[in-house]
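Step one of this worksheet: look at the structure below.
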Amino acid sequence: MEVLVFEDYDAASAQAARLVETQVLENGQSVLGLATGSTPLGLYKALIEGFKTRGVSYKNVRTINLDEYIGLAKDHPESYHTFMSKRLFKHIDISLENTYIPDGMTHSPEEECQRYEAVIDNVGPMDLQILGIGTNGHIGFNEPGTDPTSLTHVVELVHSTRASNSRFFPSLDEVPTHAVTTGIQSIFKSRKIILLASGKNKAAAVAQLLSKEISADFPASFLWNHPDVTLIVDKDAYALVQTEGQ
Ligand code: GLP
């Protein structure tokens, strides 16, 4: 795992954007694995800027998102469909039929998981996967305890994840209890992975990750077993990392 530490969120986001743009410029038909949450917002802003000012085109790019809440319609203000549309897709020249996100309103979540894993296999694999990290070490919605061989599956969100994401909903009660998420093994199908973390509230998670202890209790730690991961953090998120000599 390569670790890149930047002064602040904007500098970290700019570096992530450079890596994504390099991928897209090298291969205009790249498959990007995309994440939601607050962390990649700066990256998406920088990509929109790159599209508008430097002409980086996403015309033939395909995207595969990590997860979606079960029970939220695509046009629900907090669905990940809405998030991706508002924060990225509608601002760049990507074709919406080239963008994939699990269907949270499916009548059969189990079938949706199988269908989505087939999307990863048929459209993917992802050339470059963007990940954020939950304070409990979750990636996608792979909560602590997730099996490293997991494919796309239904997950019951733990209280801390729902509490953390309740900032986007009118109340905690309205945060969905379940989600469809790509699994650890689905994520591992990616050729390259960029893990982003920013801010003091991620400092403990980053320190835990960089302790290099691999455990299902902290799903992001499985990333140590992937051959091409770059962790991009700002100083605040890196603040609790014990470096040699300290
Ligand atoms: C969410 C998402 C993850 C995201 C994480 C961190 O629940 N499912 O993909 O990485 O939590 O979110 P944030 O970036 O807002 O801290």
Side-chain angles (χ1 to χ4, degrees), residues 8-10 12-13 16-17 20 32-46 63-72 76-84 86-88 100-104 113 116 120 126 128-146 150 152-169 172 174-184 186-188 190 193-209 218-223 229-234 236-238:
D8 57 24
Y9 176 67
D10 286 347
S13 300
V20 173
L32 302 178
L34 298 181
T36 52
S38 310
T39 311
L41 287 175
L43 159 64
Y44 296 154
K45 231 174 122 185
T63 64
I64 300 179
N65 262 76
L66 284 168
D67 46 19
E68 178 59 288
Y69 290 114
I70 290 180
L72 296 194
H76 185 284
E78 294 309 330
S79 77
Y80 287 162
H81 279 80
T82 300
F83 177 101
M84 290 311 302
K86 262 176 52 180
R87 302 302 192 165
L88 183 64
Y100 299 87
I101 304 176
D103 178 5
C113 292
Y116 203 69
I120 293 173
M126 293 67 79
L128 183 56
Q129 172 71 56
I130 304 298
L131 291 178
I133 183 169
T135 49
N136 64 359
H138 75 234
I139 49 176
F141 269 135
N142 290 285
E143 299 283 23
T146 305
S150 54
T152 303
H153 60 284
V154 173
V155 63
E156 179 170 5
L157 303 176
V158 302
H159 178 76
S160 65
T161 298
R162 292 185 64 238
S164 165
N165 289 1
S166 67
R167 66 193 194 276
F168 302 114
F169 290 82
L172 178 61
E174 290 178 52
V175 183
T177 55
H178 291 76
V180 169
T181 184
T182 55
I184 302 290
S186 325
I187 292 171
F188 263 59
S190 314
I193 295 175
I194 294 176
L195 175 61
L196 300 172
S198 151
K200 289 199 173 89
N201 69 326
K202 296 293 169 68
V206 169
Q208 173 68 35
L209 174 68
F218 194 81
S221 66
F222 289 128
L223 294 171
V229 179
T230 304
L231 170 66
I232 298 181
V233 291
D234 59 16
D236 283 346
Y238 195 71

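Ligands are counted one by one from 1 in listed order, and the atoms in each one are counted from 1 as well. Because the structure is predicted, anything quoted here is derived from the model rather than measured. Residues take their numbers from the sequence shown, with the count starting at 1.
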Of the choices Gly132, Gly37, Ser164, which has the non-hydrogen atom that lies closest to atom 12 (O) of ligand 1?
Gly37
Side chain, backbone, both or neither: which part of [X] comes within less than 4.0 Å of ligand 1 when only heavy atoms are counted?
X	result
Ser38	both
Arg167	side chain
Tyr69	neither
Ile133	backbone
Asn165	side chain

Sub-4.0 Å heavy-atom contact, Glu143 with ligand 1:
no
Please state whether Gly140 comes within less than 4.0 angstrom of ligand 1, counting heavy atoms only.
yes
Looking at [atom1] of [X] and [atom2] of [Y], how far apart are the two atoms once the value is rounded to the nearest 0.5 Å?
X	Y	atom1	atom2	value
Ser186	Asp67	OG	CG	11.0 Å
His159	Leu172	NE2	CG	6.0 Å
Asp103	Leu72	CG	CG	11.0 Å
Leu195	Ile139	CG	CD1	7.5 Å
Ile133	Thr39	CD1	OG1	9.5 Å

Which protein heavy atom lies closest to [atom], and at what distance to 0.1 Å?
atom	answer
atom 4 (C) of ligand 1	Thr36 O, 4.0 Å
atom 16 (O) of ligand 1	Lys202 NZ, 2.5 Å
atom 1 (C) of ligand 1	His138 NE2, 3.7 Å

Check whether any side-chain heavy atom of Tyr9 sits under 4.5 Å from a side-chain heavy atom of Asp236, and report yes or no.
no
For Asp67, counting its heavy atoms only, list the atoms of ligand 1 lying under 4.0 Å from any of them.
8 (N), 9 (O)
By number and element, which atoms of ligand 1 are closer than 4.0 Å to a non-hydrogen atom of Thr39?
13 (P), 14 (O), 16 (O)
Within the side chain of Gln129, is there an N or O that forms a donor-acceptor pair under 3.5 Å with the backbone of Ile187?
no
Val155 and Asn142: CA distance, side-chain angles, deciding distance, side-chain contact (heavy atoms from CB on, under 4.5 Å) verdict:
CA-CA 7 Å; Val155 63; Asn142 290 285; over 6 Å; no
Does the ring centre of Phe141 sit less than 6.0 Å away from the ring centre of Tyr69?
yes
